[in-house]
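Data first, discussion second: the structure below is written as structure tokens.
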There are 2 protein chains.
Amino acid sequence: MGASQRSGAVDKRRLILDAAITVFARQGFHHCRVSDVADEAGVAYGLVYHYFDSKEEILNELFLERWQIMLDAIAEIDRLGEVPARDKLYMVASFIIDSYRHQPDLMKVIIVEVTRAANSFGRIHLEKIREAYAGIAEIVESARREGVFKPDISAEFAAMCFYGAIEQLLSGWIFDLLPQTEEQYEGAKGLVVDAICGGLEVSKSGAQPVSG
Amino acid sequence: MGASQRSGAVDKRRLILDAAITVFARQGFHHCRVSDVADEAGVAYGLVYHYFDSKEEILNELFLERWQIMLDAIAEIDRLGEVPARDKLYMVASFIIDSYRHQPDLMKVIIVEVTRAANSFGRIHLEKIREAYAGIAEIVESARREGVFKPDISAEFAAMCFYGAIEQLLSGWIFDLLPQTEEQYEGAKGLVVDAICGGLEVSKSGAQPVSG
DNA sequence: CCCCGCGTTGACTGACGAGTCAATCCAGTG
DNA sequence: CACTGGATTGACTCGTCAGTCAACGCGGGG
């Protein structure tokens, strides 16, 4: 794939994937037909099966493609030295929120059809999803070691709360429960981190001693 | 419905609803047949359509039934005077977590198939879901007025973070990403509240003046 | 010029499953 | 006992798609 198409020709595979994003986001994975995707892509029905084995494989591809980018981003943020945990978490929040801002349909599909679909489909990707939590937990964990974050809240637990809060925000936007403006997006980044870190950081009055 | 069955006879409608919980939780709403529900209930296929208009109506009923109980619980907690916001939020967290503890399958169905299913189905219930956020926001808002919670984080925003964190926990249990023991459930109640409130309450050192 | 083979087409099939319905059961009623 | 009407049954219908496949287009290579 990739360079296999004739010069000048559009990458039909990509075209189909993009069409799928639109259609899945609009109608939902279960409530759309493969022909809807083909139509949206302006491509014959059969061609979809030339590039993909099944309808699910398309969703699969969309998820893995995007999720990997996020995992890489988190890993890179993890790797930064010197930077305070709060700032790292801000970067993670920014990345996710910006992902939604730039590709709302894709993020909607990933969240609604994969991340939150415990049955059948989501199961396959649990490992990938777990990786994301682990990456975030990593950030929290090092902050705990440094005594910046409370020791009695486990890193995994904190990571779930943090990610959960962000995903809930995205859901709020997806469901039109929250206003969607550039300011909202920008503001949300700081607010989630404030809300969560304020609860994770040891209180400003009496700093906890670094044990060991 | 209710008292319409013959004396001594089981309430088949209830039987079907309970069977649906089991089947929807196990196979997912989209990946099960109505006959699966009928079989699980030990009832003829057609009887399902005697009590319900469609497969979706069953899910509908399950959601509304349970969600209303939660809304009532939140409303009642709202109404409590004297009690600090932190304690009220603890009560909300307790209620939701206990709901999962006692009826994991039902909560799984509600979360996976309704709450998080933005397309088609969930849309119908947005208003109900929004009510829950509003109830929680109410608690946060009064705490803000009293100067206990930071004024720069809006109540709606805080409510979403709080609810999001809890739902993520349930997801963690549903997906088997988090250990499920009585201690975990109990501990989680305090930890979510700690994590979130710590970030919402003004810092212990210099209390913020009540403006206005 | 003719073939090879990938890319492309879209009509078709086959399965599946939601919802229907005519028939049966049975408790109560007069 | 005859009759009524809700509860119950499960075989059947009928639309809907996911996935198949035979054929066609066309660029390139010999």
Side-chain angles (χ1 to χ4, degrees), chain A residues 1-24 26-63 109 113-114 117 119-121 124, chain B residues 1-24 26-63 109 113-114 117 119-121 124:
Chain A
M1 70 118 157
S4 65
Q5 70 270 184
R6 293 197 259 277
S7 66
V10 236
D11 183 347
K12 294 289 177 71
R13 189 187 142 90
R14 186 74 254 163
L15 216 55
I16 292 169
L17 282 172
D18 289 342
I21 293 173
T22 305
V23 175
F24 290 171
R26 186 174 56 217
Q27 304 169 232
F29 180 76
H30 288 287
H31 290 72
C32 77
R33 289 158 294 195
V34 173
S35 66
D36 293 333
V37 175
D39 289 352
E40 179 76 29
V43 134
Y45 185 90
L47 195 61
V48 174
Y49 286 91
H50 178 72
Y51 288 109
F52 303 94
D53 288 340
S54 68
K55 190 184 177 189
E56 280 212 345
E57 205 199 279
I58 302 175
L59 181 53
N60 203 27
E61 184 73 19
L62 289 175
F63 169 76
V109 170
E113 310 290 353
V114 185
N119 297 296
S120 59
F121 197 71
I124 315 172
Chain B
M1 60 114 166
S4 64
Q5 71 263 191
R6 293 196 258 276
S7 66
V10 237
D11 184 347
K12 294 290 178 68
R13 188 187 142 89
R14 186 74 254 162
L15 216 55
I16 292 168
L17 283 171
D18 290 341
I21 293 172
T22 305
V23 174
F24 291 172
R26 186 175 55 218
Q27 303 169 234
F29 180 76
H30 288 287
H31 289 71
C32 77
R33 289 157 295 195
V34 173
S35 66
D36 293 333
V37 175
D39 290 350
E40 178 76 27
V43 134
Y45 186 91
L47 195 62
V48 174
Y49 286 92
H50 178 69
Y51 288 110
F52 303 95
D53 288 341
S54 67
K55 190 185 177 188
E56 280 213 345
E57 205 200 278
I58 303 176
L59 181 54
N60 202 28
E61 184 72 21
L62 289 175
F63 170 77
V109 169
E113 310 291 352
V114 185
N119 297 296
S120 60
F121 196 72
I124 315 172

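Letters A, B, ... are given to chains in the order of the sequence lines, protein chains preceding strands, and every chain is numbered from 1. None of the values given here were measured: they were computed from a predicted structure.
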**Message:** Without decimals, in angstroms, what is the distance between B:Ile16 CD1 and D:dT9 C1'?
**Reply:** 12 Å
**Prompt:** Which part of the nucleic acid, if any, lies within reach of A:Val48 when heavy atoms closer than 4.0 Å are counted: base, sugar-phosphate only, or nothing?
**Reply:** nothing
**Asked** Less than 4.5 Å apart, any side-chain heavy atom of A:Arg26 and any of A:Cys32?
**Response** no
**Prompt:** Between atom CG in B:Leu47 and atom P in D:dT9, what is the gap in whole Å?
**Reply:** 6 Å
**Asked** For A:His50 and C:dG7, is the shortest distance between a side-chain N/O and OP1 or OP2 below 4.0 Å?
**Response** yes
**Message:** How many whole angstroms separate atom CG of A:Asp11 from atom C1' of C:dC6?
**Reply:** 14 Å
**Request:** Nearest whole angstrom, please: distance from the P of D:dG6 to the CZ of B:Arg13.
**Result:** 17 Å
**Request:** Over 60° means perpendicular and under 30° means parallel, so classify the ring planes of A:His30 and B:His30, tilted if in between.
**Result:** parallel
**Request:** Would you kindly give the CZ-to-P distance between A:Phe52 and D:dT20, to the nearest whole Å?
**Result:** 15 Å
**Side chain to side chain, A:Val34 and A:Tyr45, heavy atoms closer than 4.5 Å** = yes
**Prompt:** Residues in ring-ring contact (aromatic ring centres under 6.0 Å, His included) with A:Phe52, at least two apart?
**Reply:** none
Would you tabulate the nitrogen or oxygen pairs shorter than 3.5 Å linking the protein to nucleotides 18-20 of chain C?
residue	atom	partner	partner atom	Å
C:dA18	OP1	B:Cys32	O	3.3
C:dA18	OP1	B:Lys55	NZ	3.3
C:dA18	OP2	B:Val34	N	2.9
C:dA18	N7	B:Tyr45	OH	3.4
C:dG19	OP2	B:Tyr49	OH	2.9
C:dG19	OP2	B:Lys55	N	3.2
C:dG19	N7	B:Tyr45	OH	2.6

**Fill in**
Those residues at least two apart in sequence (or on a different chain) that pass side-chain contact (heavy atoms from CB on, under 4.5 Å) with A:Ala19 are A:Val37, A:Glu40, A:Ala41
**Request:** Send over the distance from B:His31 NE2 to C:dG17 P, rounded to a whole Å.
**Result:** 10 Å
**Request:** Establish, with yes or no, whether the OP1 or OP2 oxygen of D:dT8 is under 4.0 angstrom from a side-chain nitrogen or oxygen of B:Lys12.
**Result:** yes
**Asked** Going by the salt bridge (charged side-chain N to carboxylate O under 4.0 Å, His left out) test, which pairs reach into residues 14-24 of chain A, not counting sequence neighbours?
**Response** A:Arg14-A:Asp18, A:Arg14-A:Glu65
